[in-house]
Amino acid sequence: ATAGKVIKCKAAVAWGPKQPLTIEDIEVAPPKAHEVRVKIVATGICRSDDHVLSGAISDMKFPAILGHEGAGIVESVGEGVKNIKPGDKVIPLFVPQCGECRCCTNVRSNLCDKHDIGPYRGLMLDNTNRFTCKGNPVYTFLSTSTFTEYTVLDEICVAKIDDNAPLDKVCLIGCGFSTGYGSAVKIAKVEQGSSCAVFGLGGVGLSVLIGCKVAGASKIIGVDTNSDKFAKAKELGATECINPNDYNEPIHEVLAKISDGGLDYTFECIGNTKVMESALKATHFGCGTSVIVGLAPASARVSVDPMEMLTGRTLKGALFGGWKSRDEVPQLVADFLAKKFELDGLITHRSTLDKINEGFDLLRKGDSIRTILQI
Ligand code: APR
Ligand code: ZN
Ligand code: ZN
């Protein structure tokens with residue numbers, strides 16, 4: 001009944017850095033050709049949303065509707081949309097998959113030329129917008145915008161998922177979980193019996209840890225300066241946890257002593273370049289791999305001794321855990337339904353859209369892993 005018409009609904013609108021979001025009545029235009037309008041059912045609040053509000057992401061356009069870790073149900077589709085129909089359960093994708101560009105056609109990459117990961121357009125692929133508030137245009141964020149009852153997505157930014165998927169859990173597959181889990185199983189390619197260290201035990205680090213465990217690593221060391229993070233890490237698969245503040249020696253030397261000279265795989269899940277350097281040093285010469293997962297400030301630089309590389313270490317990184325989004329998100333959901341991994345351990349709080357600012361406060365204070373908003 002709403003197809004083809006403008007939908008009036010609620011959304012949390014961001015007006016600029018350091019300003020609280022406000023719940024507004026907005027208008028959502030119908031999807032144009034090759035677009036899909038989705039009723040968002042649940043969304044996580046991710047660190048990257050907060051990077052926009054803190055001002056760490058500086059080239060953002062306002063007002064905007066943030067949120068990029070959601071799940072919902074298709075309300076209507078534009079002309080030419082194939083394989084997605086009203087009623088389908090979907091996950092919005094902040095890394096598109098057009099299937100035709102240089103990266104999409106390369107099996108080793110999961111990026112896509114059609115991305116809006118920055119510098120931000122804040123618009124649909126046709127360079128127009130679908131949201132207005134009080135008559136003024138509102139920008140989209142990361143091609144997704146999930147802090148709203150309805151959003152419009154380019155079809156290359158939509159993964160159709162299993163009808164049985166619980167949207168209030170699998171929304172995490174839209175960002176945080178997949179980023180960490182893929183960094184372990186797809187980017188590092190952690191093997192059975194290997195040794196791993198995960199630096200930073202927030203939502204991303206815990207998701208890496210889940211990946212190391214599913215891959216069969218026999219030693220999984222959690223590293224965090226906050227020992228309060230250890231209990232949950234052990235629950236999710238860490239075999240031991242270490243606080244760098246408890247030692248005088250550099251942390252890579254401490255780790256070398258308990259890992260036969262160095263680890264097979266290390267992961268930096270903080271966004272701190274000094275920790276990225278330690279994580280590389282903590283890998284074993286000749287065979288170790290370190291993966292950068294955390295987002296460092298724009299001007300930050302990592303310093304590497306070329307000998308560390310010459311002697312056979314590998315340093316890598318990826319967005320969204322290296323998953324080709326449209327192809328592999330449905331499979332991740334299927335793996336979740338088959339109980340290959342759990343998501344409950346990552347969900348510490350549940351709330352509603354009108355309490356979104358409290359959700360951000362929990363994240364900033366480090367009191368939450370993930371808050372899921374029921375929309
Ligand atoms: N050494 C070890 N642990 C540290 C250090 C340090 N020097 N500094 C911070 N930590 C720990 C914190 O105590 C916290 O437990 O790192 C963890 C980071 O977790 P969160 O802040 O919850 O971050 P998360 O949401 O997991 O994201 C991590 O990934 O996507 C990016 O932008 C995101 O850069 C961020 C990173
Ligand atoms: Zn995210
Ligand atoms: Zn592409």
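Predicted model only: the values in this text are computed from it and were never measured. Note that ligands are numbered from 1 as they come in the structure, with each ligand's atoms numbered from 1 the same way.
Nearest protein heavy-atom neighbour of atom 19 (O) of ligand 1: G202 CA, 3.3 Å. Looking only at heavy atoms of the protein, atom 29 (O) of ligand 1 is closest to G294 CA, 3.6 Å. From the protein, the heavy atom lying nearest to atom 33 (C) of ligand 1 is R47 CG, 3.6 Å. Among protein heavy atoms, the minimum distance from atom 9 (C) of ligand 1 is reached at I270 CG2, 3.7 Å. Nearest protein heavy-atom neighbour of atom 13 (O) of ligand 1: D224 OD1, 2.7 Å. Of the protein's heavy atoms, V275 CG2, 3.5 Å lies nearest to atom 7 (N) of ligand 1. In terms of protein heavy-atom proximity, atom 28 (C) of ligand 1 is closest to C269 O, 3.1 Å.
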### S303 and R301: CA distance, side-chain angles, deciding distance, side chain to side chain donor-acceptor pair (under 3.5 Å) verdict
CA-CA 7 Å; S303 163; R301 295 293 177 267; over 6 Å; no
### Message
Let's go through T348 and S368 carefully: what are the C-alpha distance in whole Å and the side-chain angles of both, what is the deciding distance for side chain to side chain donor-acceptor pair (under 3.5 Å) to 0.1 Å, and is it a yes or a no?
### Response
CA-CA 6 Å; T348 51; S368 60; 4.8 Å; no
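The ring of F177 has its center closer than 6.0 angstrom to the ring center of F341.
If you look at L295 next to ligand 1, the close heavy atoms, those under 4.0 Å, come from the backbone and the side chain alike. Only the side chain of H51 comes within 4.0 Å of ligand 1, counting heavy atoms alone; its backbone N, CA, C and O stay farther away. Neither the backbone nor the side chain of I369 has a heavy atom within less than 4.0 Å of ligand 1.
Compare L206, L201, T225, N245 by their heavy atoms: the one nearest to atom 6 (C) of ligand 1 is in T225.
Electrostatic pairing of K169 and D344 counts as a salt bridge here, judged by a charged N lying under 4.0 Å from a carboxylate O. E75 and R37 are joined by a salt bridge, as a carboxylate oxygen and a charged side-chain nitrogen come within less than 4.0 angstrom of each other. For D154 and K114, the salt-bridge test fails: no basic side-chain N is under 4.0 Å from an acidic carboxylate O. Using a cut-off of 4.0 Å between Lys/Arg side-chain N and Asp/Glu carboxylate O, K281 and E253 are scored as not salt-bridged.
Numbered from 1 in the order shown, with element, the atoms of ligand 1 that lie under 4.0 Å from a heavy atom of G200 read 16 (O), 17 (C). Listed by number with element, the atoms of ligand 1 under 4.0 Å from a non-hydrogen atom of K229 are 15 (O).
Seen from the Zn ion (ligand 2), atom SG of C46 and atom SG of C175 lie 130° apart in angle, a value rounded to 10°. Between the SG atom of C104 and the SG atom of C101, the angle centred on the Zn ion (ligand 3) amounts to 100° when rounded to 10°.
The neighbour count for K316 NZ, taken as heavy atoms of other residues, nucleotides or ligands under 6.0 Å away, is above 12. Residue D260 places its CG atom among 12 or fewer non-hydrogen atoms of other residues, nucleotides or ligands, all under 6.0 Å distant. The neighbour count for K160 NZ, taken as heavy atoms of other residues, nucleotides or ligands under 6.0 Å away, is above 12.
Inter-residue side-chain proximity for V28 and C9 is flagged as met; some heavy-atom pair is nearer than 4.5 Å.
The shortest N/O to N/O separation between V204 and ligand 1 falls below 3.5 Å. Residue N226 places no N or O, backbone or side chain, under 3.5 Å from any N or O of ligand 1.
At least one heavy atom of G203 sits closer than 4.0 Å to an atom of ligand 1.
Counting backbone and side-chain atoms alike, C112 contributes an N/O/S atom closer than 2.8 Å to the Zn ion (ligand 3).
Taking CG of L172 as the start and CD1 of I369 as the end, the distance is 11.0 Å to the nearest 0.5 Å.
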